[in-house]
Amino acid sequence: MSETPKKQSFLHGTALLALATAIVKVIGALYKIPLNAIIGEQGFGYYSTAYEIYTLLLMISTAGLPVAMSRMIAQASSLEHYRQVRKIYTVARTIFLTLGLIGALLMTLFCRQLADFQEQPDAWAAIGALGPCCFLVCLMSTYRGFFQGQGNMIPTSVSQVLEAITKLVVGIAGALLVVFYVKSVPLAAGAAIMGVTVSCLVSSLYLNAVFRKAYKQMPQSSEQVSSGKEIAKGLLSIAVPITIGSAGLQLLTVLETKIYMSQLLQTLTQEVADTHKGIYSMALTIFNMPCAFITPITISIIPAITSQLTLGDTTGAKRTEESSARISALISMPCAFGLALLAQPVTRLLGGYSGEKLELATQLMSVLGICIIFNSTVLLTNAIMQAHGHEKLPVVNMFIGGFVKLGAVFLLTGNPHIGIVGTPIGSLLCYLCITVLNLFTMRKVLKEPPAIVKNMLRAFLASALMGAFAFGTWKGLQLAFGDDFSRLLSCVIPVMVGVVVYVVAAVKFRAITRSDCLLLPKGEKIANLLHL
């Protein structure tokens, strides 16, 4: 028999994914920031509308199945049942590709009807160009679920970087060509988003090559495997509740767009409403950057906790959960304070805004910055409950939060003095509601619930101190040089001051432990460097 594949530790896998996410986000900034300048706020609004619909269909296709596949493969792999792993992959692939094909056809064939529904008729080209991605992402998810279930995060990390690079090159080139030669904003948005489709194709080809090699090298085993029907039933029993929750919340997001656009159009012209949506979409892009770093943690902990619970190691599972809470807070807290307090210099630099647009972007970003704390906690607590087999409970909580959000958005955006700023306020209320419900639920259903808030507190205190120094530095620069001071320096200098203060404060407050560091690549050197 061949040797058992070497598994990465939970934080080792997280570190690999986080590194890939960092690279992807830098490339994404190099993509979306100039893209906003090329196609304008209106074009960026069309781009984001297509993404919202795509995300909804993608949630239906892939929200729950990768988690289910990862959990089931983690269980089989921890017992060295590799024949069962192969069978799970085959059944999951059939389900994935069927759903992906349906989603691709819906977006491609009904792009105009979907654009009309979203009160943005000119978004049709972007929606249609993104349609094939539904199929390609489902294909990628089968490969990534296969590797992640065995604790191998390298193929996912590399594929994400390849995807980002291709999207940057193809998307920017396509948008520039259409703007200069066709001079159509809707078609330019469609050309830009075509880069996403091409990037998914490149990533799929890479994953297929790596998968074929790994599949052949997997050890043989002789255990009795479940039937395809039993595996499909097991996958769907885990996936359906997660999918209902994720897709339901995304559906509420699509409805939210329709609600606030309808409310804005009561007092604004279509052009101004589209511009406001474009500014909000740009603020959301910045908001999603730090939130994306929480996803590697949730991807890594589900198979890790599942394996520990399968082997009866409940203490180890709790230790993993609390370690993930500390790492999550270490990332999310400084980002939240930084974006909330430095909203103006950040949006001035990244969005290129000034005047009334800058004022609006600052208000939006300030609220979204606070949202990061609660959104990251929701992602983490959802993953913990899913790993424990309580998939249905987060669904209920997410729906409650989603309806709170819709009600708030309807009431607030209808007020002309609040306008689109009511949308991130609705998001804040939504994530706060879900956070409270999730923490309460975990205490009720888990035998040994992790101390989430306690393990996030030290990072919160370090981040608050960081925020005070960074905000004070920015205000000092304003007083010394005025509003005409360099956009780059007025943002970079406070951020650099904040980083130094945060690193020192995080070490002094013990926001991360030596045991956490030891699970990272070169962890002992990191721990010694930080004197932990």
Side-chain angles (χ1 to χ4, degrees), residues 1-7 13 60-102 138-153 155-156 207-208 210-246 298-314 316-317 383-395:
M1 183 179 287
S2 304
E3 291 184 3
T4 302
K6 183 180 178 181
K7 295 186 180 181
I60 295 172
S61 304
T62 65
L65 277 169
V67 174
M69 185 179 179
S70 177
R71 269 186 55 189
M72 291 182 70
I73 287 180
Q75 288 174 334
S77 183
S78 65
L79 298 171
E80 298 186 2
H81 291 172
Y82 297 108
R83 191 178 173 205
Q84 179 78 353
V85 170
R86 290 183 173 89
K87 185 73 172 181
I88 292 169
Y89 166 78
T90 302
V91 174
R93 181 185 60 190
T94 302
I95 299 173
F96 268 116
L97 297 186
T98 301
L99 292 172
L101 182 60
I102 294 171
C138 284
L139 178 61
M140 288 191 293
S141 294
T142 61
Y143 298 136
R144 288 173 177 171
F146 173 82
F147 289 116
Q148 290 164 12
Q150 298 177 80
N152 183 3
M153 306 300 168
T156 297
L207 285 168
N208 175 262
V210 177
F211 166 78
R212 292 176 66 180
K213 181 179 179 181
Y215 195 77
K216 290 179 181 177
Q217 293 178 346
M218 188 188 301
Q220 298 295 324
S221 59
S222 57
E223 76 280 357
Q224 184 69 35
V225 299
S226 305
S227 67
K229 185 177 180 180
E230 289 174 335
I231 291 174
K233 185 178 178 181
L235 285 167
L236 294 175
S237 67
I238 299 171
V240 169
I242 298 172
T243 300
I244 290 173
S246 301
T298 63
I299 289 174
S300 299
I301 65 172
I302 290 176
I305 295 171
T306 298
S307 295
Q308 289 165 332
L309 293 175
T310 300
L311 299 174
D313 185 8
T314 54
I384 290 172
M385 284 191 279
Q386 289 163 5
H388 278 267
H390 298 291
E391 302 88 5
K392 298 181 179 65
L393 298 176
V395 174

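Residues meeting the ring pair (Phe, Tyr, Trp, His ring centres under 6.0 Å) test with Tyr143, sequence neighbours left out: Phe211. Partners of Glu223 according to the side-chain contact (heavy atoms from CB on, under 4.5 Å) rule, which considers only residues two or more places apart in sequence or in another chain, are His81, Arg83, Gln84, Ser221, Val225. Under the side-chain contact (heavy atoms from CB on, under 4.5 Å) criterion, Ala92 pairs with Met69, Phe96, Leu235, sequence neighbours left out. Every residue meeting the side-chain contact (heavy atoms from CB on, under 4.5 Å) condition with Thr90, not counting sequence neighbours, appears here in chain and number order: Arg93, Tyr215. Applying the side-chain hydrogen bond (donor to acceptor under 3.5 Å, both in side chains) criterion to His388, with sequence neighbours excluded, gives Glu321.
Contact detail for Val85 and Ala76: the closest heavy-atom pair is CG2-CB, 3.8 Å. Across all non-hydrogen atoms, the minimal contact from Met385 to Pro394 is CE-CG, 3.7 Å. Residues Ile73 and Ile88 approach most closely at CG1-CG2, 3.8 Å, considering heavy atoms. Between Ala317 and Leu309, the shortest heavy-atom contact is CB-CD2, 3.9 Å.
Taking CG from Leu99 and OG1 from Thr94, the interatomic distance works out to 11.0 Å, rounded to the nearest 0.5 Å. One distance of note links OG1 of Thr142 with CE of Met140; it measures 9.5 Å at 0.5 Å rounding. Between the CD1 atom in Ile95 and the SG atom in Cys138 there is a gap of 11.5 Å [rounded to 0.5 Å]. Taken from CE in Met72 to NZ in Lys87, the straight-line distance is 11.5 Å, to the nearest 0.5 Å. Here the straight-line distance linking atom CG of Leu207 with atom CG of Leu139 works out to 8.0 Å at 0.5 Å rounding.
Pairs engaging residues 138-153 under the salt bridge (Lys or Arg N to Asp or Glu O under 4.0 Å) rule: Arg144-Glu163 [sequence neighbours left out].
Phe146 places a side-chain heavy atom less than 4.5 Å from the side chain of Met218.
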